[in-house]
Number of protein chains: 2
Amino acid sequence: MSDGVAPPSRRATRARSLIRQTLDSTDKFLSAQGLHELITAQGEDVGLATVYRTLQMFADDGEVDFLRDDDGEMLYRKCVRNAHHHHLICRRCGTTHELADTMIESWAHQVADQHGYSDVSHSIELYGTCSDCGRLG
Amino acid sequence: MSDGVAPPSRRATRARSLIRQTLDSTDKFLSAQGLHELITAQGEDVGLATVYRTLQMFADDGEVDFLRDDDGEMLYRKCVRNAHHHHLICRRCGTTHELADTMIESWAHQVADQHGYSDVSHSIELYGTCSDCGRLG
DNA sequence: TTCTGTGCAAAGCCTTTGCACTGGG
DNA sequence: CCCAGTGCAAAGGCTTTGCACAGAA
């Protein structure tokens with residue numbers, strides 16, 4: 001599982017800096033387009049294609065978490081935890097909690113073993129309404 | 001959770017029959033386009049838009065299982081089990097095992113409760129290489 | 001100077017939609 | 001006969017790509 005390949009050289013640019021800043025400004029998962037809008041709203045300007053390319057690169061480098069929502073859209077969020085984990089996401093406001101639960105990992109492997117599967121990976125995300133949004137009705 | 005709404009009237013048509021037949025012919029998850037190709041390969045002809053509309057309808061009616069793969073594509077499969085469940089899917093040949101594990105359900109609810117989330121739902125799929133494909137190298 | 005990064009516009013892909021025709025009941 | 005269902009083509013929405021220019025090192 002170790003990607004022996006060293007990450008390619010990465011230059012420090014205005015676009016990357018702005019994208020990192022924007023990611024750091026929130027705990028929520030953002031789409032490429034959503035992030036682009038936030039940047040634009042700040043009066044800054046970065047090409048949408050660059051946002052897509054950069055988020056993809058950050059994801060490859062493990063600098064951001066990413067997942068695909070129910071609509072098939074990719075969402076990205078600054079990486080808080082390094083180890084493998086899952087998310088509990090408020091489907092209303094997007095607030096996210098990271099879940100580092102070893103039980104799930106072992107469950108996944110156990111089930112896979114039982115069926116003779118190897119190279120197991122899994123996609124596990126929980127959605128709900130967070131307490132704040134719940135209060136607001 | 002009961003969808004009190006009675007399903008709208010559904011007519012028996014050639015397209016629906018062909019789509020059902022094709023779904024029944026395999027245990028694997030199929031994309032709309034993949035299913036359309038299978039139908040075409042049988043020398044039959046159904047509009048692609050109809051396949052999309054029909055699969056969506058079957059999904060709404062609970063007649064098929066569906067999920068979104070890592071590429072964001074919707075996949076459909078004939079429904080084997082009625083109760084809520086998850087899947088263990090071979091990422092090579094698409095063979096699928098249904099998992100009816102109550103432990104996961106209770107885990108999800110427990111975690112959500114701990115964080116004050118309500119209306120919990122979850123997206124859980126396992127991917128791996130099945131024993132047959134593993135043997136083939 | 002060199003080569004990565006960026007912007008823009010075009011193209012790709014999966015999916016949905018509008019509209020007129022077809023066919024099930 | 002009537003309305004759900006279908007086909008086709010166009011449009012949508014997210015994402016990727018080609019290419020020439022800009023800017024980091």
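Every chain is numbered from 1, with letters handed out A, B, ... down the list of sequences.
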Discussion item. Check the orientation of A/Tyr117 and B/His97. Use parallel for under 30°, tilted for 30 to 60°, and perpendicular for over 60°.
Written reply: perpendicular
Worksheet item: D/dT15 C1' sits how many Å from A/Leu35 CG, rounded?
Response: 15 Å
Fill in: Rounded distance in Å - CE (A/Met57) to C1' (D/dT16)
17 Å
Worksheet entry | Nearest-angstrom distance from the residue atom CD of B/Glu37 to P of C/dC13 | 13 Å
Worksheet item: Under 3.5 Å, is there a donor-acceptor pair linking the side chains of A/Tyr52 and A/Gln33?
Response: yes
Worksheet, complete the sentence: From CZ of A/Phe29 across to C1' of D/dC14 the rounded distance in Å is 18 Å
Worksheet item: Taking the six-membered ring for Trp, is the centroid-to-centroid distance between B/His87 and B/Tyr127 below 6.0 Å?
Response: no
Worksheet item: In residues 67-75 of chain A, which ones come under 4.0 Å of DNA chain D, going by heavy atoms?
Response: A/Glu73, A/Met74
Worksheet item: Does C/dT6 have OP1 or OP2 sitting under 4.0 Å from an N or O in the side chain of A/Thr13?
Response: yes
Worksheet item: What is the distance, rounded to the nearest whole Å, between atom NE2 of B/His36 and atom P of C/dC13?
Response: 17 Å
Worksheet, complete the sentence: Regarding the side chain of A/Gln33, the nearest nucleotide among D/dA25, D/dC3, D/dT15 is D/dT15
Discussion item. Between B/Ile124 and A/His122, is there a side-chain heavy-atom distance shorter than 4.5 Å?
Written reply: no
Discussion item. What I want to find out is whether B/Asp70 reaches B/Arg91 closely enough, with some N-O distance under 4.0 Å, to be called a salt bridge.
Written reply: no
Worksheet entry | Ion pair B/Glu98/B/Arg77, N-O distance below 4.0 Å | yes
Worksheet entry | Short side-chain N/O contact to D/dA4 OP1/OP2 from B/Arg16, under 4.0 Å | no
Worksheet item: Expressed in angstrom and rounded to an integer, what is the separation of B/Phe58 atom CZ from D/dG5 atom C1'?
Response: 12 Å
Practice prompt. Answer yes or no: is there an ion pair linking A/Glu63 with A/Arg20, defined by an N-O contact shorter than 4.0 Å?
Written response: yes
Worksheet item: According to a strict under-4.0 Å criterion, is B/Arg14 in side-chain N/O contact with OP1 or OP2 of D/dT6?
Response: no
Worksheet entry | Close approaches to DNA chain D from residues 47-56 of chain A, in residue order (heavy atom, under 4.0 Å) | A/Ala49, A/Tyr52, A/Arg53, A/Gln56
Worksheet item: For A/Arg10 and C/dC3, what is the distance between atoms CZ and C1' respectively, to the nearest whole Å?
Response: 14 Å
Worksheet item: Nearest-Å distance, CG (A/Asp60) to C1' (D/dT15)?
Response: 15 Å
Discussion item. Regarding B/Arg68 and A/Asp71, does a basic nitrogen lie under 4.0 Å from an acidic carboxylate oxygen?
Written reply: no
Worksheet item: Among side-chain atoms of A/His86 and A/Glu105, is any donor-acceptor pair under 3.5 angstrom?
Response: yes
Discussion item. With nearest nucleotide decided by heavy atoms, which residue, B/Ser31 or B/Arg11, maps closer to the 5′ end of DNA chain C?
Written reply: B/Ser31
